[in-house]
Every structure is written in C-alpha cells, then in structure tokens.
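Quick notes on the structure that follows.
All heavy atoms count here, side chains included; hydrogens, waters and symmetry mates do not. All of these numbers come straight from a predicted model, not from anything done at the bench. Naming: A, B, ... by sequence-line order, numbering from 1 per chain.
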There are 2 protein chains.
Amino acid sequence: MTDMRLPLYQRLRDDMLARIAAGDWAPGTAIPTEAELTKYYGVAVGTLRRAVETLVQDGLMERSQGRGTFIRRPNFDGSLFRFFRHVDSQGERRVPTGRVMVRHEESAGRRVADALGLEEGASVVYLERVRQIDGQTIFHEQIWLDTRRFAPLLTVDPADFGNLLYPFYEQQCGQLIGAAEETLSVATASQAMADRLSIDPGQPVIVIERIAKGYDATPLEFRRSTGDAGPFRYRVDIT
Amino acid sequence: MTDMRLPLYQRLRDDMLARIAAGDWAPGTAIPTEAELTKYYGVAVGTLRRAVETLVQDGLMERSQGRGTFIRRPNFDGSLFRFFRHVDSQGERRVPTGRVMVRHEESAGRRVADALGLEEGASVVYLERVRQIDGQTIFHEQIWLDTRRFAPLLTVDPADFGNLLYPFYEQQCGQLIGAAEETLSVATASQAMADRLSIDPGQPVIVIERIAKGYDATPLEFRRSTGDAGPFRYRVDIT
DNA sequence: GAGTGGTCTAGACCACAGG
DNA sequence: CTGTGGTCTAGACCACTCT
C-alpha cells in the first residue's frame, strides 16, 4: 500500500480502486466481506467502512444489507434518460435500439486525438450508429476508438454489432468501460442531420460528446451523439 | 424529536434541518460544537457526526477543521456558471448584473400556480429582469412570487431593486431561499426575444425554469430565464 | 441458523485555527 | 494554549438475505 501521509481510509480506497482497475474484482461480483477485508488490511471495520462509503458515493460499488458489497456497472441508459424522457404508455423507460451503419478505419483529427489521448493522425476505428424507438431515429452517433485496443471491431460484420456496444467491447476487445464524462451543447441541424432525425433543417439539436474511460481512467471511446432538442429536458438541484 | 423507527442519525438530521428552517440556526453562522450537541441530544459523537455528514452532503452545511460547522448559503451564481462559461481575460468568473425592467401584480396562470403551490388566479408579483455583461443582455428573466409573502416588493421603485434578488427578498420580505430545482429545455427565439438577446429569430435559446424554495421546502419563487444557446455547455460525469 | 451489512457507542489521538 | 473538527479503533447489537 502506498504509504503516503494520506488518511488510512483513503489509502484503502485507492487500493480497492486499483483492484477493480486490475480486474481482480469484476463488475457485478461481490467483494470480500468486511470481516475478511479488515483482517487482510489490518484495520478496524469503521475505517474500512469509510473507504467503501466513498466508493459507493462515487457510484463504483453498491452495498446491500445481508447480501454483500458489489462492483457496480455504470448505467449509460440512465444517462440518456436523464436528458430525454422516452417512456411507453405505462410510463416505463424505453431504451432505443442501436444499429451500426458505417464502420471503417481512419486517422484521428485534432478533436478525436485530444479526446482519446492519441497523436493526431493515429489510426482509429470509426463507427456510425443510429438509435431508434419504433423505427424512428432518436439519435445519430459517431464513435471513435483507438485501433490498437479495438482492432477486432474491424473484422466484425457491422450487422453483427449488438444492440449495446459496451458489453460488445468487453467481449471482443477486453476493454471495460468504468465511467464517462459528457458535455452537452446545442447546435442547429444541417440538412443531412435534419433528414436523419426527421426534423426541419435549422431546428435546434442537442450534441452530447462523451469520453468513456476504463476503471483506470484511460480514455477508451469518444462518441458524439446528436438528437432533436425538442424532447430535451434536464433537471438540476441547487443547494 | 419525532420518535419514528428511523435510525437515530436520521432523526438528528431532521431535527437540525428543522432548526435551520425555523431560523434558530442562521445561514453563515456556526452551529454548536460537537461536544455541546452530543450532550444536548444524548448521543455519541459518531452518530451526531453521521447526521452532520448527510447535511454537508446535501450542501446545507460546511465543516471546517479547527473553526466549526457552518450553515451554508446556496450559491446561485455557481448555478448559472455551470451552464454558461462567462469569464474575463484572466479566466475569472463574470457574474452578470441584474436590472428589473417591469414590476406589477397579476393573477397566476396554471403553470405559475402549480410551481408556487397556489390556486389558479391567485395574486402574484411579476418581475421582468435583464441580466447583462458589458451592457450586453445575456439573459431575460420572468419572475413570479406569491403576493402574500412578497407584497413589500410592490411598493419599491423597480430601480431600487438590488443587483441580486435573494438578499433583497431576505431584507424586504423576510423570505430565505435555501434551495432550488431547475429544469432546462431548448426553444427557438421569437422576434421579441431575439431582439432582446441580440441574436437572430429562430436561433436556439436555453430556457431555465427555476423553482426556488425556503429551507422548509416551501416554493417561494418561480423564475424563467431565457438566454442564447450558443455559449451553453454542460458537463456531466457518469458512473 | 449462519452470514452479511447497518446502527450506535465510548474513547484515544491528531491536525488545524485562533487568541 | 484551548477548542474545534478529522481520523481511527474495538466491540455490541440489530436487520436483512439466503438456504
């Protein structure tokens, strides 16, 4: 354990974080019990507890009384849902389908290279994807990935990409997405984008740029999603 | 103390919350020390601590080692700043000036009545306000307030409203704002709005609807702010 | 019933702010 | 120096889950 003069619970936290990043503790599985961990680390329960609490706070773990503490998988559908409220007649969430339309290799421009932490001109995998509900396109997505990590995607038939990409990355490329940061902005629809989204050119669209990262915070995917701004709604609490 | 079968630390939390709402503990001042509070409540420090932690978490208190624990004032400029990055050449935040242009009494429509928890047609104070940086209008604001609580505002010369409204509410009407919820959406500028914001009609605008509440969660103010969507940017972290 | 996390206590020692 | 919150411990008892 890195013995800086940090509080013990923070050093515990860092160590547990490293275990997740290293894959020792896999998403969806339970971590060892409090008794085991306190014994292993040689600390009191309260201290361990505090470390775990910060990880729960950050959304990396989930505790469940009587069952255990689990590594959480980030919920990206929830993200979409924070901004666009697509519900069916029963008020249940509707997750749009995803279909890859374009897939090729290209060289990274400035923006993409910056986002992925690569040199400009580095080889990247490019995907274009539409996300639909009831056959209607809700989002148009452009996706860039480092070819060195995601080369397997170049040999797969675009039609064979699953509905969800992140489990696919995990299976095909062994790349785990642990977190992401998204930046929203507003633009107006070009003719091409308007056609795709069935809106009028010049109408406002929401552009969501996402940098998805591994559990060790390495940027793995850069994604730009564009959708009609009409159904966009976002709620914030201020204190 | 309400002796439900809630955990002790939650009951402590509720009691402290009530003290803030009642004005026993004023924003900006320190609450009693841990020693006093544990004695008063008859609980262990750890338990009191946990209660305070949840309040810190919710942004209602701030702890400072060696100094004490303080009731926090909500920072609404920070809110604006989360969405629009107005900085000067040194990279410092620029808070727009505020000027009340219109002030009268009217009867609440559906939307306003709902937001403020009033009956439709109830009397409300209506304000129209522009917020500017370097003489340029950044936001146009419409504000509605329950006349029963904010009647003093009707007798003030609109020019005498201060740059900031919440301290003014506090001084003139004894109404303390403790929190708020904001909902963002996108619209297109009408001719009138475009003129006010110096943009072209039909260009996208961000509409921020805010319901500001007292420390006891009573809705006190309903505000609709409209600004150019061009400089809008919002960042979210997903886990 | 056995095992898990959830609540609560009592007290020690440390680090920082301010007179 | 005194008083504040920050860290850490050790252990008791409760509530829940699963078999």
Cationic N near anionic O, under 4.0 Å, B:R111 to B:E209: yes
Of residues 26-40 of chain B, the positions that come close to DNA chain D - non-hydrogen atoms, cut-off under 4.0 Å: B:T33, B:E34
Under the side chain to side chain contact (heavy atoms under 4.5 Å, CB included) test, residues paired with B:T137 that sit two or more places apart: B:V130, B:Q132, B:L197
Contact list for residues 50-61 of chain B, test salt bridge (Lys or Arg N to Asp or Glu O under 4.0 Å), sequence neighbours left out: B:R13-B:D58
By ring-ring contact (aromatic ring centres under 6.0 Å, His included) - contacts of A:F83 (at least two apart): A:Y234
Nucleotides 8-19 of chain C: protein proximity per nucleotide (B base, S sugar-phosphate only, - neither; heavy atom, under 4.0 Å): SB-----BBSS-
Sequence-distant partners of A:R94, salt bridge (Lys or Arg N to Asp or Glu O under 4.0 Å), two or more places apart: A:D134
Test item: A:F84 and A:I206 side chains (from C-beta on) under 4.5 Å apart, heavy atoms: yes
Between C:dG6 (P) and A:E53 (CD): distance, integer Å: 8 Å
Atom-to-atom span, CZ of A:R13 to P of D:dT7 - whole angstrom: 14 Å
Pair A:D15 + A:R11, salt bridge at N-O below 4.0 Å: no
SB check A:R63 A:E34 (cutoff 4.0 Å): yes
Separation of atom CG in B:L55 from atom P in D:dG5, rounded to whole Å: 14 Å
